[in-house]
Amino acid sequence: FRDTEFMKLSSRIILGLSAALLLSATPSAAATLGFGCISNNSPANCTIAEAQLAVDVTDAGGGQVLFTFTNLGPAASSITDVYFDDGSLLAIALVNNVPGVDFSQLAAPSNLPAANNASPPFETTAGFSADSNPPTQPNGVNPGETLSIQFTLQGIQTYSDVLAELSDGRLRIGIHVQGFADGGSESLVNVPEPASIALLGLGLAALGFARRKRI
């Protein structure tokens with residue numbers, strides 16, 4: 001009897017800690033990923049891009065996931081193309097532009113520039129891209145701006161599946177950045193952060209388990 005009660009208490013503690021960790025990540029349980037430069041046209045520009053560009057991955061509900069690209073600034077730079085490589089994504093459901101940002105689905109070029117420099121080479125999934133409309137750099141994601149792209153997921157795939165794929169590389173996100181002060185451009189791919197993503201995924205799994213137990 002004592003062992004059973006102890007197991008129940010331990011389960012409650014684990015679920016409580018997991019829930020607290022999940023809720024403390026952000027109010028919307030977003031996972032934030034940075035980017036690593038693969039083109040290296042200019043080490044200085046790569047340093048700028050890696051320091052101030054990021055993407056938040058959020059559960060949008062209803063079998064959809066939201067990717068929000070952010071340029072924290074202050075250095076001149078503009079995300080002008082966004083690409084997605086495989087994973088549980090089914091189709092782009094929405095491209096949400098804020099004032100000063102104007103993106104449309106299907107980027108040109110159709111694949112991430114310098115894609116072969118990634119390991120393995122980055123291969124954009126058909127239809128999984130967007131770019132800024134002319135004028136390209138002013139309509140991109142400049143310092144202080146954001147861009148949100150919402151995807152519908154395949155079948156019974158979930159937000160947790162997307163986090164797992166971002167963690168192990170089955171899903172990758174590429175960006176092409178222009179508008180640096182010297183006129184250069186760079187390509188970057190998201191940098192997996194297995195520890196933070198796994199922690200968030202653990203919290204989601206624990207909460208899902210708790211919900212199932214209540215049914």
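Hydrogens, waters and symmetry mates play no part in the numbers below; they use all other heavy atoms, side chains included. If you read the sequence from its start, that first residue is 1, and numbering goes on from there.
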Note to self: For residues 133-154, which residue pairs pass the ring pair (Phe, Tyr, Trp, His ring centres under 6.0 Å) check, not counting sequence neighbours?
What the structure shows: F67-F151, F84-F151, F128-F151
Next item on the list: Sort out for me which residue in D85, T124, N190, T125 forms a side-chain hydrogen bond (donor to acceptor under 3.5 Å, both in side chains) with R172.
Entry: D85
Next item on the list: Kindly determine whether D56 and T32 satisfy side-chain hydrogen bond (donor to acceptor under 3.5 Å, both in side chains), including the steps that lead there.
Entry: CA-CA 4 Å; D56 289 337; T32 300; 2.5 Å; yes
Next item on the list: Can you see which heavy atom on S77 is nearest to which on Q52, and at what distance?
Entry: OG-NE2, 2.8 Å
Item checked: Spacing of C46 atom SG and N40 atom CG [to the nearest 0.5 Å] -> 4.5 Å
Next item on the list: Take L33 and V191, measure what side-chain contact (heavy atoms from CB on, under 4.5 Å) needs, and give me the verdict at the end.
Entry: CA-CA 6 Å; L33 301 177; V191 178; over 6 Å; no
Next item on the list: Answer yes or no: is there a donor N or O on one side and an acceptor on the other, between the side chain of Y159 and the main chain of G63, under 3.5 Å?
Entry: no
Checklist line | Within one Ile-Leu-Val-Met-Phe-Trp-Tyr cluster: I92 and L153, side-chain cutoff 4.5 Å | finding: yes
Note to self: Assess, by modelled atom type and distance only, whether the side chains of N142 and N71 contain a donor and an acceptor separated by less than 3.5 Å.
What the structure shows: no
Check: Does a side chain donor of either Q157 or S88 reach within less than 3.5 Å of an acceptor in the other side chain?
Finding: yes
Notebook entry, point to check: Of the non-hydrogen atoms in N111 and A115, which two are nearest, and what is the gap between them?
Noted result: ND2-CB, 3.4 Å
Check: Hey, quick one: are L66 and V162 part of the same hydrophobic cluster, counting side-chain heavy atoms closer than 4.5 Å, chains of contacts allowed?
Finding: no
Margin query: I'd like to know whether I175 forms a side-chain contact (heavy atoms from CB on, under 4.5 Å) with S187, so could you lay out the CA-CA distance, the side-chain angles of the two residues, the decisive distance to 0.1 Å, and finally the verdict.
Written below: CA-CA 6 Å; I175 57 174; S187 291; over 6 Å; no
Next item on the list: Only counting residues at least two apart or in another chain, list the ones meeting salt bridge (charged side-chain N to carboxylate O under 4.0 Å, His left out) with D86.
Entry: none
Item checked: Connected via hydrophobic side-chain network under 4.5 Å: V55 and V98 -> yes
Margin query: If I take atom SG from residue C37 and atom CG from residue N45, how far apart are they, to the nearest 0.5 angstrom?
Written below: 8.5 Å
Note to self: Measuring from atom CG of N139 to atom OG1 of T80, what distance do you get when rounded to the nearest 0.5 angstrom?
What the structure shows: 11.0 Å
Note to self: How about CD on Q64, more than 12 heavy atoms from neighbouring residues, nucleotides or ligands closer than 6.0 Å, or not?
What the structure shows: yes
Margin query: If the test is side chain to side chain contact (heavy atoms under 4.5 Å, CB included), which one of V101, D131, V141, T70 qualifies with I79?
Written below: V141
Notebook entry, point to check: Do you know the tightest heavy-atom contact between E145 and G140?
Noted result: OE1-O, 3.1 Å
Notebook entry, point to check: Who else is in L112's hydrophobic cluster (ILVMFWY, side-chain heavy atoms under 4.5 Å, direct or via others)?
Noted result: I38, Y83, F122, V189
Note to self: Return the OG to CD distance between S132 and Q137, rounded to the nearest 0.5 Å.
What the structure shows: 8.5 Å
Item checked: Distance in Å, L171 CG paired with D161 CG, rounded so as to fall on 0.5 Å steps -> 11.0 Å
Checklist line | Between D102 and N133: side-chain donor-acceptor atoms closer than 3.5 Å | finding: yes
Note to self: Within the 3.5 Å criterion, strictly below it, is a donor on S148 or T68 matched to an acceptor on the partner's side chain?
What the structure shows: yes
Check: If you measure from OG on S129 to CD1 on I149, what distance do you get to the nearest 0.5 Å?
Finding: 8.5 Å
Checklist line | Donor-acceptor contact present, side-chain S167 to main-chain L163, <3.5 Å | finding: no
Next item on the list: Check for a donor-acceptor pair, side chain of Q154 on one end and backbone N or O of L89 on the other, with a separation under 3.5 Å.
Entry: yes
Item checked: P74 side chain reached by P143 side chain, heavy atoms, under 4.5 Å -> no
Checklist line | Shortest non-hydrogen contact between N41 and S185, atoms and distance | finding: ND2-O, 2.8 Å
Notebook entry, point to check: Any side-chain heavy atom of L147 sitting closer than 4.5 Å to one from N97?
Noted result: yes
Next item on the list: May I ask you to check whether S39 and E186 show a side-chain donor-acceptor distance below 3.5 Å?
Entry: yes
Check: Are D81 and Q178 close enough that some pair of their side-chain heavy atoms sits under 4.5 Å apart?
Finding: yes
Item checked: Any F69 side-chain heavy atom under 4.5 Å of T146 side chain -> no
